[in-house]
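The structure under discussion appears below in the form of C-alpha cells.
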Amino acid sequence: MFQDITTLLLDPKVFKDTIDLFVERYKSKNISVVAGVEARGFIFGPPIALAIGAKFVPLRKPKKLPGKVFRQEYDLEYGSDCLEMHVGAVAPGERALVVDDLIATGGTLCAAMDLLERAGAEVLECACVIEIPALKGRERLNGKPTVDSAYESRKFMVKRLLIEYISSIFLLYLSMMRRSLVLC
Ligand SMILES: O=P(O)(O)OC[C@H]1O[C@H](OP(=O)(O)OP(=O)(O)O)[C@H](O)[C@@H]1O
Ligand SMILES: Nc1ncnc2[nH]cnc12
C-alpha cells in the first residue's frame with residue numbers, strides 16, 4: 001500500500017508535533033549535519049536542522065547538483081535509483097543524522113549513509129516518519145538505529161497515559177485520606 005505523508009502536512013499541529021518529536025530526541029546529541037533524502041526528506045529535514053542548529057545537506061537524485069559529487073546507486077522495491085551529495089558539504093568527523101519520510105526496504109537509507117560515511121562523517125541515526133516493518137528495512141542498516149515518529153509518538157502517548165493514570169490514583173488516595181481525617 002502506498003503510504004502518503006501529504007495529509008499530515010495539512011494539519012500544522014500534527015506537522016509541528018512530528019518535527020518536535022525528532023527535535024526533542026536530537027537537540028542534545030551534538031549533530032552538525034542533517035542530511036535529507038530527495039524528495040520527501042526535504043520536507044522534514046530542514047525544520048529539524050534549523051531547530052537543532054545543524055546545517056542541512058540535500059542528498060539529491062542524479063545530475064541535479066552543480067558541483068563535484070559522491071554518487072551511490074541502490075536497489076528499490078521495483079528497480080534501482082541513485083543519490084548524490086556535494087563533495088565538501090560534509091567534513092570528516094562530523095556527526096550526521098539522515099532524514100527521510102519513509103523506510104521500506106532500507107535501500108535508500110543505506111545509500112544515504114554510504115554517501116555520508118564516504119565523506120568521513122559519523123551517522124548517528126536515521127529518522128523517518130513512517131516505517132513499513134514487513135519489508136525489514138531496519139535489518140539492512142548494519143545495526144544503525146532507525147527511529148520512526150509513529151513509534152516515538154506511541155511511546156510518548158503511553159508515557160503520558162501512565163503519568164495521568166498514576167496521578168489520578170494518587171489524587172484519589174489523597175482525597176480519601178482527607179475525608180477519613182475529617183471523619184475522625
Ligand atoms: O526504503 P526504500 O525501499 O529504499 O524506500 C524508501 C524511499 O522510497 C520513497 O522515495 P522514492 O524512491 O519513491 O522517491 P521520491 O521521494 O523521489 O518519489 C521514500 O520517500 C523513500 O525515500
Ligand atoms: N509503500 C510505500 N509508500 C510510499 N513510498 C514508498 N517507497 C517505497 N515503498 C513505499
Side-chain angles (χ1 to χ4, degrees), residues 1-12 14-23 25-26 31 33-52 54-67 69-87 89-90 94-119 121-154:
M1 189 175 76
F2 190 82
Q3 307 274 343
D4 176 43
I5 46 87
T6 58
T7 46
L8 177 155
L9 306 174
L10 299 178
D11 186 331
V14 177
F15 186 18
K16 184 172 183 315
D17 283 352
T18 307
I19 298 299
D20 287 350
L21 278 171
F22 291 127
V23 171
R25 183 176 178 88
Y26 297 116
I31 289 168
V33 181
V34 173
V37 179
E38 185 171 353
R40 287 165 270 170
F42 291 4
I43 297 171
F44 298 99
I48 297 171
L50 288 175
I52 67 173
K55 63 183 164 188
F56 179 74
V57 173
L59 306 181
R60 298 218 60 185
K61 296 288 165 74
K63 301 195 167 79
K64 302 276 187 183
L65 292 169
V69 295
F70 291 110
R71 179 184 163 86
Q72 187 66 46
E73 289 179 11
Y74 59 98
D75 291 328
L76 287 166
E77 264 173 289
Y78 308 100
S80 63
D81 213 334
C82 175
L83 280 177
E84 294 181 348
M85 180 180 81
H86 264 148
V87 170
V90 176
E94 285 200 271
R95 287 160 66 82
L97 169 71
V98 178
V99 176
D100 203 355
D101 66 324
L102 175 142
I103 174 169
T105 66
T108 307
L109 290 179
C110 271
M113 289 198 303
D114 283 348
L115 286 174
L116 287 153
E117 284 167 0
R118 273 161 59 193
E122 180 196 351
V123 179
L124 261 74
E125 276 187 3
C126 299
C128 299
V129 179
I130 301 170
E131 178 180 14
I132 304 179
L135 294 177
K136 300 186 186 322
R138 276 174 197 259
E139 291 173 15
R140 284 185 65 181
L141 302 184
N142 308 325
K144 199 62 75 182
T146 310
V147 170
D148 67 293
S149 73
Y151 176 67
E152 284 296 296
S153 63
R154 280 195 300 277

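Just follow the structure's listing: the first ligand is 1, and inside any ligand the first atom is 1.
- Between R118 and D114, no side-chain nitrogen of the basic residue sits less than 4.0 Å from a carboxylate oxygen of the acidic one, so the salt-bridge criterion is not met.
- Closest heavy-atom approach to atom 6 (C) of ligand 1 within the set V37, L102, L109: this belongs to L102.
- T105 is listed as a side-chain neighbour of R140, based on a closest heavy-atom distance under 4.5 Å.
- Protein residues having at least one heavy atom under 4.0 Å from any atom of ligand 2 are M1, F2, Q3, R40, E77, L102, A104, I132, listed by chain and number.
- Of the inter-residue distances, the one linking T6 atom OG1 with R40 atom CZ reads 9.0 Å to the nearest 0.5 angstrom.
- Within the structure, the closest approach of D81 to ligand 1 does not fall below 4.0 Å when heavy atoms are considered.
- Counting only heavy atoms from C-beta outward, the side chains of V99 and F22 never approach each other to under 4.5 Å.
- Of all the heavy atoms in P62 and R71, the pair that sits closest is CB-NH1, 4.0 Å.
- Within ligand 1, the atoms closer than 4.0 Å to a non-hydrogen atom of T105 are 1 (O), 2 (P), 3 (O), 4 (O), numbered from 1 in the order shown.
- One finds no salt bridge joining R60 and E84 here, because no Lys/Arg side-chain nitrogen approaches an Asp/Glu carboxylate oxygen to under 4.0 Å.
- At a heavy-atom distance under 4.0 Å, only side-chain atoms of D100, from C-beta outward, approach ligand 1.
- When only non-hydrogen protein atoms are considered, atom 11 (P) of ligand 1 lies nearest to R40 NH2, 4.0 Å.
- Neither the backbone nor the side chain of L135 has a heavy atom within less than 4.0 Å of ligand 1.
- Nearest protein neighbour of atom 19 (C) of ligand 1, counting heavy atoms only, is D101 OD1, 3.3 Å.
- Within the listing of ligand 1, atoms 14 (O), 15 (P), 17 (O) sit less than 4.0 angstrom from a heavy atom of K61.
- Between P58 and F42, the shortest heavy-atom distance links the atoms CB-CZ, 3.6 Å.
- At least one heavy atom of G106 sits closer than 4.0 Å to an atom of ligand 1.
- Within a 6.0 Å radius of NZ in K61, more than 12 heavy atoms belonging to other residues, nucleotides or ligands are found.
- Inter-residue side-chain proximity for H86 and F70 is flagged as unmet; no heavy-atom pair is nearer than 4.5 Å.
- The minimum heavy-atom distance linking A104 with L135 is given by the pair O-CB, 3.3 Å.
- Closest to atom 8 (O) of ligand 1 among all protein heavy atoms lies T108 OG1, 4.4 Å.
- In this structure, L50 and F56 have side chains that are not in contact, with every pair of non-hydrogen atoms separated by 4.5 Å or more.
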